[in-house]
Amino acid sequence: MTYDPAVTEARWQAAWDTAGVFTAKRDARPKYYVLEMFPYPSGRIHMGHVRNYTMGDVIARYKASCGFSVLHPMGWDAFGMPAENAAIERGGHPKDWTYSNIADMRAQMKPLGLSIDWSREFATCDPEYYGQQQAMFLDMLAAGLVYRKAAVVNWDPVDMTVLANEQVIDGRGWRSGALVERRELTQWFFRISEYSGELLAALDGLTDWPEKVRVMQANWIGKSRGLQFAFSTVDAPEGFDRLEVYTTRPDTLLGASFAAISADHPLAKHLERHDPAVAAFVAECRRGGTSAEAIETAEKMGYDTGIRVRHPFDAAVELPVYVANFVLMDYGTGAIFGCPAHDQRDFEFATKYALPIPPVFVAEGGEEAALTEAYVPMKSDRVRYLRSFAGLPVQTGDEAVTSAITFCEEKGVGRGVTNYRLRDWGLSRQRYWGCPIPVVHCPTCGVVPEAKANLPVRLPDDVTFDKPGNPLDRHPTWRDVACPKCGGAARRETDTMDTFVDSSWYYARFTAPHALTPTVAEDAAYWMNVDQYIGGVEHAILHLLYSRFFARAMHKTGHLPAKAIEPFNALFTQGMVTHEFYDRSVNLTAPGEATEPMRYEHFLPENVVTFTVGDERFALLKKEVRDAGVDESNPGALQSFMIEGRNRRVRIGPSIKMSKSKKNVVDPDSIIARYGADTARWFVMSDSPAERDVEWTASGAEAASKHLARVWRLADEIAQSVAPATDDDAVLARATAKAIAEVTAGIEGFAFNKAVAKLYEFTNTLMRSGAGGDAKRRAMVVMAQLLSPIVPHLAEDVWGMLGGAGLVTQAAWPLADPALLVEDSVTLPIQINGKRRAEITVPKDMPAAEVEKRVLADDAVIKALAGLAPKKLIVVPGRIVNVVI
RNA sequence: GCGGACGUGGCGAAAUCGGUAGACGCUGGGGUCUUAAACACCCUUUCCUUUGGAGUACGGGUUCAAGUCCCGUCGUCCGCACCA
């Protein structure tokens, strides 16, 4: 008998299935909902998935053992562009591609032995799912949470589609290479900005979320407090006698030297129509790229409109109004005043256009002088005002801003305004493979919601991707419908929803996945919220913010209870699985040797032999090494072989995220086939803390596998042991209690690497223990229980060998006997002047005075004291003793 | 530029309250078993000028005691970024 995961893992999975142990049930037990971010069905699972789902599985299995009714579901985030791209490139239908990928990935996931309730599985492209999404959309439309407005988008004129910012590379469409145009289209928006303040404030309550994520969301929402006021204009066109601006620095208002408006500002648009020079400048502004570098290097440009505005505190002062390329229409009012003395960007602009630079204040002790750059005081700096609002005390920082707002309000100049950076969420996509937006455009009735009875608005199957653009646009029988209101000829909305909508409520759908309504009140009330959500930090902003908004919108429309407006009680962001990569871009040759380009396409982790020469590591193809009969374990032989075959050498690069393009992907399939799922699970939980990246190494996988085999053999041996009881039985019982306490703490704290380390330690202890057979069997039973969340198949094997009743998966989590956790005696280190010099073992409860006596009698202490009395003697009971000489 | 996190052996890392720095694992070295190997098991692996000394990026400080707290410097990583 040996450890044979290939056989036993399948058997235990079948046993769990038969017993239906993972089916989530509403009952009297407290519930626990653990969810990992659901995958996009790309076709293959990767090690990142394995790590993500294993973490969730450890939590789910642990909580189940602790007596919770656990919900641990799985589904597919199945809409999106890759399916359409596949259809365009290879023919076929996005639907077929997607469902076949789902089948492949499910087949790869099942052997991992995850405790998932597969009866709740769904894909977001199932009409049963997106039909309910459409129903909610209609409710949200009725509630005013969705609206239509014109918005500027990136338009690819060749592919005839809207592109996301990430799909625009150097101003060109990523696929067509065509120059992208900025087009104004009427699109649908969620009114998320209405919730800016609430979404920001509620972050404080998310104490079980990573601080990092909360900070990122707060920055994204971007709250600022400032003054909004109107300049009166001079020589402006009719209807533009006022110009509203927003500023967070009203305290520098007396340093104003110009005003600037966005190229998209209504005034600029008006001028554009009448003045070709403005039109040319505005067109130039709109062409600018949106990438970070483009913005970084873009020169500040302005066009003097000839219009003037009067300073609100001195009508005699007139400031020029520029159209400027750096002013954004969708922040504030799309217009600013410039204070070059105290804002670097304004300073550059003023310098370029020879505008005055009047300072408002100088550093305390400093004199007014020509500035070479804007003076922006630090928080700690003290300043001297040169111009200040009459009667206002001199202040700096936030105080100055606040009192300047109050001052201006009292003088009737504008009002204090809180602004957010967060903009409404545009959800329209001119794409086929997404959830259809359930509205109809009627020439007489306008925009008409589809009748709920007609839901789901199904995607038509008979579409082709041979022409650019959205196939829904040229599908007459789908597109042309009767108006739900008047019955006249109308057109269906052909835009589909952003896939982020799909993922903004799937967690709620899992609570009643097959219901004929989006959610079911009792189920949502029982299962919500998600107690533990686990996923990648790359979703820290968009997905998580949209979900938080959506839960609120669902509550407002009656689809979620009030307690679920923050749907994720705890969030954990896990690190990636990385792997070294085989750097074929560098051709390493001995001096004087000719180089040839390398053409090896098979440098995948499972195909190579690695070895080290000096500080550098190299990889060779396993097949070639074997064919040549070279000793794989001999670095020297490998090195000679490498030098002979000058094209075979590949330098090993640093460990980076696994990706196809780097050819450093370790396929979970091949690992499971070779070692079994438990080895893969054990490995991804060990070594690195869960929130950090973990490096996949062949030696680490090998070691994991060996350890599990060792545990199996140990269980086998202990099961048959007839050794009589010994004095070590009590010692082992204590070690067992300690292992329970520490592994439990590790799992509870998401410190799986520590739990794994404790299990290694406990195994070593048990192997070396001189305890009797019965004592060892008791310890080994606990071992099986402690192992079961992480390596459940092996745990069942061990449980079975020791005669455990039923399945260890269904056994209660072991409790550590508190009495056994307390040691009778403690070993205290003795420090002399803070350095450890000796130790002393004393009974646990020995009084400090008695400990002192013993310490002073210690040889090392006597020697160090050399007959003198210690200056100070510090005894920290149960911890340490420090003798100060 | 703004915001955040982090810096510990050859490597991944532990050290929960300020209290024995390096648990556990990998790698390397040595050994037992074997004709030999594989497997397994055992020992060893922070550094040095080793009766001892130094050491948690660097420089200071607080303390009986600092990886942990405070001040400063350097470095790495991440997020946002023409946001008025």
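In this text, all values refer to a predicted model and were calculated from it rather than measured experimentally. All chains are named by letter (A, B, ...) in the order of the sequence lines, taking the proteins before the strands, and each is independently numbered beginning at 1.
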Nucleotide paired to [N] in any strand shown, Watson-Crick or G-U, under 3.5 Å:
N: A66(B); value: none
N: G52(B); value: C48(B)
N: C41(B); value: G31(B)
N: G79(B); value: C2(B)
N: G7(B); value: C74(B)
N: A23(B); value: none

Nucleotide of [options] approaching [X] most closely (side-chain heavy atoms):
X: Arg421(A); options: C82(B), A81(B), G3(B); result: A81(B)
X: Pro689(A); options: G25(B), C82(B), A13(B); result: A13(B)
X: Arg713(A); options: A84(B), C64(B), C41(B); result: C41(B)
X: Lys872(A); options: C82(B), C64(B), A13(B); result: C64(B)

Close N or O pairs between protein and nucleotides 42-48 of chain B (under 3.5 Å):
none

For [N] versus [M], give the span between their [atom1] atoms, rounded off to a whole number of Å.
N: G4(B); M: G10(B); atom1: P; value: 33 Å
N: C26(B); M: C78(B); atom1: P; value: 30 Å
N: A38(B); M: A21(B); atom1: C1'; value: 38 Å
N: A66(B); M: U27(B); atom1: P; value: 36 Å
N: U63(B); M: C70(B); atom1: C1'; value: 12 Å
N: G9(B); M: G22(B); atom1: C1'; value: 7 Å

Rounded distance [0.5 Å steps], [atom1] in [X] versus [atom2] in [Y]:
X: Leu319(A); Y: Phe258(A); atom1: CG; atom2: CZ; value: 9.5 Å
X: Tyr3(A); Y: Leu708(A); atom1: OH; atom2: CG; value: 4.5 Å
X: Phe337(A); Y: His311(A); atom1: CZ; atom2: NE2; value: 7.0 Å
X: Lys706(A); Y: Arg713(A); atom1: NZ; atom2: CZ; value: 10.0 Å

- Query: How close or far is atom P of A5(B) from atom CZ of Arg214(A), stated in whole angstroms?
  - Reply: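 About 11 Å, once rounded to whole Å.
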
- Query: Is the shortest distance from a Lys or Arg side-chain nitrogen in Arg214(A) or Glu211(A) to a carboxylate oxygen in the other one below 4.0 Å?
  - Reply: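 Salt bridge between Arg214(A) and Glu211(A), a charged N being under 4.0 Å from a carboxylate O: yes.
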
- Task: For each nucleotide in nucleotides 27-34 of chain B, reading 5' to 3', give B when a protein heavy atom comes within less than 4.0 Å of its base, S when such contact involves only the sugar-phosphate, and - otherwise.
- Result: S-------

Shorter than 3.5 Å, N or O on both sides, protein versus nucleotides 19-23 of chain B: list them out with atom names.
| residue | atom | partner | partner atom | Å |
| --- | --- | --- | --- | --- |
| U20(B) | O2 | Arg836(A) | NE | 2.8 |
| U20(B) | O2 | Arg836(A) | NH2 | 3.4 |
| A23(B) | O2' | Glu761(A) | OE1 | 3.4 |

Restricting both atoms to N or O, compile the protein contacts to nucleotides 50-56 of chain B shorter than 3.5 Å, with distance only.
none

- Heavy-atom nearest pair, Ala268(A) first then Ala263(A), reads CB-O, 3.6 Å

- Item | Closest non-hydrogen atom pair between Glu580(A) and Asn664(A), with its separation |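 Heavy atoms of Glu580(A) and Asn664(A) come nearest at O-CB, 3.3 Å.
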
- Message: Checking Asp264(A) now: which residues fulfil salt bridge (charged side-chain N to carboxylate O under 4.0 Å, His left out) with it, not counting sequence neighbours?
- Response: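 For Asp264(A) the salt bridge (charged side-chain N to carboxylate O under 4.0 Å, His left out) partners, ignoring immediate neighbours, are Arg182(A), Arg286(A).
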
- Please identify each residue that fulfils side-chain contact (heavy atoms from CB on, under 4.5 Å) with Asn419(A), with sequence neighbours left out. Ser224(A), Tyr246(A), Tyr331(A), Val417(A)

